[in-house]
Trainee: 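This is the structure I have questions about; it appears just below.
All figures in this text were calculated on a predicted structure; none of them were measured in a lab. In what follows, every chain begins at residue 1, and chains take the letters A, B, ... in the order their sequences are listed.
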Amino acid sequence: MLVAAVRNSLRNLRISAKRDVHTTIKADTAGGSAAIISKLPDDPNGLFREPRQVWVENLDTVEENKLGIIELHPDVFAAQPRIDIIQENVEWQRKYRYVSFAHTKTRAEVRGGGRKPWPQKGLGRARHGSIRSPLFRGGGVAHGPRSPTTHFYMLPFFTRVHGLTSTLSVKLAQDDLHIVNDLAIPSSDPKYLQELIEKRNWGPSVLIVDEDDLCPENISAASSGIAYVNLMPVYGLNVYSMLKHNTLVLTMSAVEKITERLLFQLRRSDGFKKMEKFKLDQ
Amino acid sequence: MGSVTNTTEKALKMLRALPRVTIGNIRPNPDSKQRSKRGRGQHGGDKHGAGNKGSGQRQNFMRLGYETGNTPFYTRFPYEPYYKGHHLRREYRPISMLQLQTLLDTNRLDTNGIIDLTSICNTGLFSIKPDERQYGFQLTDEGADLFRGKINIEVQYASDEAIAAIEKNGGHIRTAYYDMRSLQAMINPQKWFEKGVPIPKRMVPPLDAMEYYSSAERRGYLADPEEISKERLVLAQKFGYELPKIEEDPDFERLTATKDPRQIFYGLEPGWVVSLKDKAIIKPK
């Protein structure tokens, strides 16, 4: 009773909605090979739209093998493609860490100019008090740029969340999103990866996203030599990088993690706390 | 594309035929951004509050309410009682019966215990600010006809229709007073427990609220239970419904559970310290 009372009294930070986790079934096909079928749970009272079905590919051969099908959540991978929100995210990612060091001197900072250049009256010339006034050649600059100027600001939390869902949806809609079963490749030679990308028409630049930051050795070594093929953990996923690369490759575990995290944010009941003004020293 | 009705699906379908979205070809919505202009002068070249030409700049308008020498209307009558003591009055944030029903339907409230101020605050949809003299919640009658929940609820103020709607469905309602310090603990118990301060003792209502909370008609928490039983029947007759027999209900215990008039958390007594870190309750000897 007491424990229940304490539990009842505490703020309920958990979300009531069930987590939409994939269930992966390995089904035997007629050909004898096992096909992966990763399904989302049936949601009788939530989903009004069909999940997206995407092929699961392999990376361990240069030729593409379709290993099975994965269902992608429509709220994450088929959200409204808001180009304006994507643009806001890109602009924010550029600006928040940008510090402008452009600098000009004011009339006070320019050397000299302390003396009145000529008397106020009697010469028929315009009245002036300093040769470093902004009107003078070699004078100070009025309202010029001052260094350092930070351009830091925080994009509203849910604009950031919708930026991710919009970009993932755009990538999927334009066939630039590929799902692979894992990141195992047979060699650490960069040429293997380049050949694979060439063969599958993935465009020169590829962003490969795995669930966490410990990737298999071969793919780490192979991609480290190619500047336009990059590895990223799910926690680093961002709008700018997704747009920067032609193709986005997600592992199945990354898909699950991304779906879980983004659905949590989209459905959280304490979202109003996230909408509070951003405080720097908190 | 005629069969597509969903705008999202339509947009995604259009994107398939469009060039790849990249950093180079995205833009904000047209006309959504306004570049800030650097004005000249001390206040950025504005009009100093006088507007643009005309009467604002050239005519001498009198201040609002000024009557050129007459005693202004707003100072003519010395006594306006409507707002007397407004800074001392208690405010109760309204929750309609329809909103309460929605909270129940969307599983925001746990119906296994008493629904009190803490549970309502915990939904995240309603909150009170005790320092702005908001002393809790009131139930208003909007949507009372639609209410179907069988609940045990404790609010700070309730209309007759709201009381009737709850009792008609076999529920139980009490109106209860919490003083400001208790409210601080109740609106965010986690914060209170983390301070390591004992649970405060609930104070008795102030004199002007005593009558309300002792009245059986208002289902006050200080009223005589037998009187309340009588008033339940009276209200049933007034609104013309048959009062369900709460004594024969299998959930009788749960439905009629009440807090002690000095208690603020059900199951926890004043003076106890709840340690969230050790998951323990420290009681005085």
Trainee: Among B:Ile26, B:Thr22, B:Asn25, which one satisfies side-chain contact (heavy atoms from CB on, under 4.5 Å) with A:Leu243?
Mentor: B:Ile26
Trainee: I need the B:Leu15 CG to A:Asp176 CG distance, nearest 0.5 Å.
Mentor: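 Reported value, rounded in 0.5 Å steps: 10.5 Å.
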Trainee: Rounded at 0.5 Å granularity, tell me how far CD in A:Gln87 sits from NZ in B:Lys33.
Mentor: 4.5 Å
Trainee: Rounded to the nearest 0.5 Å, what separates atom CD1 in B:Ile23 from atom NZ in A:Lys244?
Mentor: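 Result: 5.5 Å between the selected atoms.
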Trainee: Taking all heavy atoms of A:Gln174 and all of B:Pro19, pick out the closest pair and write down the distance.
Mentor: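 Taking A:Gln174 first and B:Pro19 second, the nearest heavy atoms are NE2-O, 3.0 Å.
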Trainee: Taking the side chain as every heavy atom from C-beta outward, state whether B:Arg27 and A:Ile83 have any atom pair closer than 4.5 Å.
Mentor: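 The answer is no, as the side chains (C-beta and beyond) never meet within the 4.5 Å cut-off.
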Trainee: Verify the neighbour count for atom CD of A:Glu198: are there more than 12 heavy atoms of other residues, nucleotides or ligands below 6.0 Å?
Mentor: no
Trainee: Is B:Lys37 atom NZ crowded by more than 12 heavy atoms from other residues, nucleotides or ligands, each under 6.0 Å away?
Mentor: no
Trainee: For A:Val170, is it the side chain, the backbone, both or neither that has a heavy atom under 4.5 Å from a heavy atom of chain B?
Mentor: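 Contact with chain B is through both the backbone and side chain of A:Val170.
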Trainee: Does any N or O in the side chain of A:Glu88 come within less than 3.5 Å of the main-chain N or O of B:Pro28, such that one atom is a donor and the other an acceptor?
Mentor: no
Trainee: Which bit of A:Ala79 is near chain B, if near means a heavy-atom gap under 4.5 Å: side chain, backbone, both or neither?
Mentor: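 Answer is backbone: N, CA, C or O of A:Ala79 sit under 4.5 Å from chain B.
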Trainee: Counting C-beta onward and ignoring hydrogens, is there a side-chain heavy-atom pair between A:Asp84 and B:Ser32 closer than 4.5 Å?
Mentor: no
Trainee: State whether the number of non-hydrogen atoms from other residues, nucleotides or ligands found under 6.0 Å of B:Lys150 atom NZ is greater than 12.
Mentor: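 Correct, the count exceeds 12.
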Trainee: How about CD on B:Glu142, more than 12 heavy atoms from neighbouring residues, nucleotides or ligands closer than 6.0 Å, or not?
Mentor: no
Trainee: Looking only at heavy atoms, which two atoms of A:Arg52 and B:Leu12 are closest? And how far apart?
Mentor: NH2-CD1, 3.6 Å
Trainee: Where do A:Ala173 and B:Arg16 come nearest, in terms of heavy atoms and distance?
Mentor: O-CG, 3.0 Å
Trainee: Has A:Arg127 got more than 12 heavy atoms of other residues, nucleotides or ligands less than 6.0 Å from its CZ?
Mentor: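 Not more than 12 within 6.0 Å, no.
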Trainee: Please determine, among A:His143, A:Met242, A:His245, A:Lys171, the option with the most heavy-atom pairs under 4.5 Å with chain B.
Mentor: A:His143
Trainee: More than 12 foreign heavy atoms under 6.0 Å from OH of B:Tyr157: is that the case here?
Mentor: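 Atom OH in B:Tyr157 is not packed in, count stays at 12 or less.
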